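Along the sequence shown, residues carry numbers from 1. Values in this document were obtained by computation on a predicted structure and should not be read as measured data.
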Amino acid sequence: MKDLAGKVAFITGGGSGVGLGMAKVFSAAGMNVVIADIRQDHLDQAMAYFNERNAQVHAIHLDITDRKAMAEAADEAERVFGKVQLLCNNAGVNLLNHIEKVTYDDWDWLMNVNLNGVINGIQTFVPRMIEYGKGGHIVNTASMSAFYAIQGSTVYTTSKFAVRGMSEALRLDLEPRGIGVSVLCPGAVNTNIHESVVTRPQQLSDTKTQVDAETMNRMKAFSEGGMDPVKLGEKVLEAVENNAPYIIPYSEFRGLLTRLHNVVLDAMPLPENDPDAIKRVETMNKHSKSNHNL
């Protein structure tokens with residue numbers, strides 16, 4: 001997707017934060033942009049910005065966990081601008097708490113949004129993109145937590161590891177269709193993700209983990225020191241144009257990821273100490289349906 005002008009982008013969580021940053025960048029590049037968000041106040045604020053600039057941006061109030069609503073949003077996007085070729089499954093929520101305090105409602109809430117919401121976007125838009133037959137690109141927002149875990153992040157990390165793995169596999173499946181896939185793994189970004197609890201559904205709040213004011217303020221302070229969403233959006237645009245598999249514009253994590261991957265490599269035997277390895281590889285390649293041999 002080198003020539004983005006005139007093409008259509010659909011961004012979940014597009015009313016604020018990372019999603020809004022992408023929307024601003026894509027719009028400036030000449031794209032027609034649909035921003036979908038569960039918070040109408042965020043959509044109203046975003047549209048005030050775009051209307052001042054006469055930008056080709058359309059807002060849709062959307063709960064990404066609602067599959068019917070997702071399909072209706074796709075239909076609306078096509079009616080307004082035409083076929084979507086750039087899908088950004090960006091909406092997400094966060095909850096940090098130690099596992100002994102986590103409830104089933106906590107699990108269901110985060111997994112429904114962070115993982116199932118991405119699945120719903122893929123299941124809704126990918127068949128349409130394939131049928132359209134003009135290629136495209138998908139950006140799935142994960143997190144640096146898709147690579148490493150911190151204490152108190154079991155639920156969140158589970159969802160983000162899943163999004164990363166899904167994106168890597170989806171990239172292989174869609175490559176023959178001319179559809180690229182990138183996984184966006186932000187570190188700190190100056191967003192309002194600390195307000196995630198505002199959109200938590202009532203039916204998943206009966207046994208919810210309580211988030212105190214101190215935790216909220218700590219998360220807010222952490223985010224405020226992060227990257228500007230527009231700058232991150234520029235990195236996403238560059239990745240889309242170059243069909244990059246990973247979007248990780250955070251040099252401060254190089255050392256940590258190097259150490260982590262070295263730990264993984266250290267868990268494996270050296271080839272000279274594993275004489276049966278060649279036989280296993282030959283067997284797997286012989287019976288593999290993939291062209292990506294080991």
Side-chain angles (χ1 to χ4, degrees), residues 10-20 23 34-48 58-77 87-125 140-143 145 152-163 166 186 189 191-223 229:
F10 187 100
I11 308 169
T12 66
S16 67
V18 174
L20 180 57
V34 177
I35 52 174
D37 205 291
I38 196 171
R39 288 188 59 169
Q40 187 62 50
D41 57 334
H42 286 170
L43 289 174
D44 293 342
Q45 293 165 16
M47 288 308 298
H58 179 72
I60 299 177
H61 184 260
L62 174 66
D63 177 354
I64 63 169
T65 69
D66 184 334
R67 293 174 177 173
K68 181 181 178 182
M70 181 72 81
E72 292 172 348
D75 290 340
E76 183 174 339
L87 169 65
C88 297
N89 291 307
N90 169 75
V93 293
N94 195 0
L95 176 70
L96 298 179
N97 215 340
H98 286 280
I99 193 64
E100 66 268 19
K101 297 181 180 179
V102 169
T103 69
Y104 273 117
D105 280 357
D106 294 333
W107 278 102
D108 288 344
W109 176 46
L110 261 73
M111 297 302 284
N112 281 348
V113 177
N114 292 355
L115 179 57
N116 290 343
V118 177
I119 292 171
N120 293 343
I122 290 168
Q123 288 296 111
T124 299
F125 283 95
N140 295 326
T141 299
S143 166
S145 291
S153 69
T154 298
V155 184
Y156 182 74
T157 298
T158 300
S159 68
K160 295 304 183 178
F161 260 75
V163 170
M166 180 199 310
V189 189
T191 70
N192 54 11
I193 195 169
H194 60 282
E195 297 181 2
S196 293
V197 292
V198 173
T199 61
R200 182 166 179 154
Q202 185 59 45
Q203 68 269 24
L204 295 178
S205 298
D206 291 342
T207 63
K208 69 178 180 180
T209 297
Q210 298 299 319
V211 180
D212 56 40
E214 180 182 349
T215 300
M216 290 273 286
N217 289 334
R218 187 168 63 250
M219 292 174 65
K220 180 181 179 182
F222 177 81
S223 297

Colleague: State, yes or no, whether a side-chain contact exists between Arg67 and Thr124 at a heavy-atom distance under 4.5 Å.
Modeller: no
Colleague: Find the distance between CG (Asn120) and NZ (Lys68) and round it off to the nearest 0.5 Å.
Modeller: 14.5 Å
Colleague: Are the side chain of Asn90 and the backbone N or O of Thr141 linked by a donor-acceptor pair below 3.5 Å?
Modeller: no
Colleague: Please name the residue in the list Val113, Ile119, Val118 that meets the side chain to side chain contact (heavy atoms under 4.5 Å, CB included) test with Leu115.
Modeller: Ile119
Colleague: Could you grab the distance from atom CG of Asn114 to atom OG of Ser159, nearest 0.5 Å is fine?
Modeller: 4.0 Å
Colleague: Working to the nearest 0.5 Å, report the span between CG of Asp37 and CE of Met47.
Modeller: 12.5 Å
Colleague: Consider only side-chain N and O atoms of Thr103 and Asp105, and report whether a donor and an acceptor are under 3.5 Å apart.
Modeller: no
Colleague: Where is the tightest heavy-atom contact between Ala59 and Leu43, given as atom of each residue plus distance?
Modeller: CB-CD2, 4.0 Å
Colleague: Between Val163 and Ala142, what is the shortest heavy-atom contact and its length?
Modeller: CG1-CB, 4.0 Å
Colleague: In sequence, state the C-alpha distance, the side-chain angles, and the governing distance for Glu76 and His58, and then conclude on side chain to side chain contact (heavy atoms under 4.5 Å, CB included).
Modeller: CA-CA 10 Å; Glu76 183 174 339; His58 179 72; 2.6 Å; yes
Colleague: Looking at Met70 and Gly121, what are the two nearest heavy atoms and their distance?
Modeller: CE-N, 3.8 Å
Colleague: Are the side chains of Thr65 and Asn116 in touch, meaning some heavy atoms are under 4.5 Å apart?
Modeller: no
Colleague: Ignoring hydrogens and angles, tell me if any N or O in the side chain of Thr12 forms a donor-acceptor pair with the backbone of Ala91 under 3.5 Å.
Modeller: yes
Colleague: Identify the two heavy atoms, one from Gly17 and one from Pro229, that lie closest to each other, and give their separation to 0.1 Å.
Modeller: O-CB, 3.3 Å
Colleague: Any side-chain heavy atom of Ile60 sitting closer than 4.5 Å to one from Ile35?
Modeller: no
Colleague: Are the side chains of Tyr156 and Asn97 in touch, meaning some heavy atoms are under 4.5 Å apart?
Modeller: no
Colleague: Looking only at atom types and distance, does a side-chain atom of His42 sit under 3.5 Å from a main-chain N or O of Ser16, one as donor and one as acceptor?
Modeller: no
Colleague: Quick one: do the Asp108 and Asn112 side chains pair a donor with an acceptor below 3.5 Å?
Modeller: no
Colleague: For Leu62 and Phe10, what are the C-alpha separation, side-chain angles and deciding distance, and is it a side chain to side chain contact (heavy atoms under 4.5 Å, CB included)?
Modeller: CA-CA 12 Å; Leu62 174 66; Phe10 187 100; 4.1 Å; yes
Colleague: Please step through side chain to side chain contact (heavy atoms under 4.5 Å, CB included) for the pair Val93 and Arg200, ending with a clear verdict.
Modeller: CA-CA 9 Å; Val93 293; Arg200 182 166 179 154; over 6 Å; no
Colleague: Using 0.5 Å steps for rounding, measure from the CD1 atom of Ile38 to the CD1 atom of Ile64.
Modeller: 8.0 Å
Colleague: In sequence, state the C-alpha distance, the side-chain angles, and the governing distance for Leu87 and Asn140, and then conclude on side chain to side chain contact (heavy atoms under 4.5 Å, CB included).
Modeller: CA-CA 8 Å; Leu87 169 65; Asn140 295 326; 5.8 Å; no
Colleague: Checking side-chain polar atoms at under 3.5 Å, does Gln45 have a donor or acceptor matched by the opposite partner on Asp41?
Modeller: no
Colleague: Please find the pair of heavy atoms, one from Trp109 and one from Pro201, that lie closest to each other, and give the distance.
Modeller: CD1-CD, 3.5 Å
Colleague: Roughly how far apart are Met111 CE and Leu204 CG, rounded to 0.5 Å?
Modeller: 13.0 Å
Colleague: Are any side-chain N or O atoms of Asp106 and backbone N or O atoms of Val102, one a donor and one an acceptor, separated by less than 3.5 Å?
Modeller: no
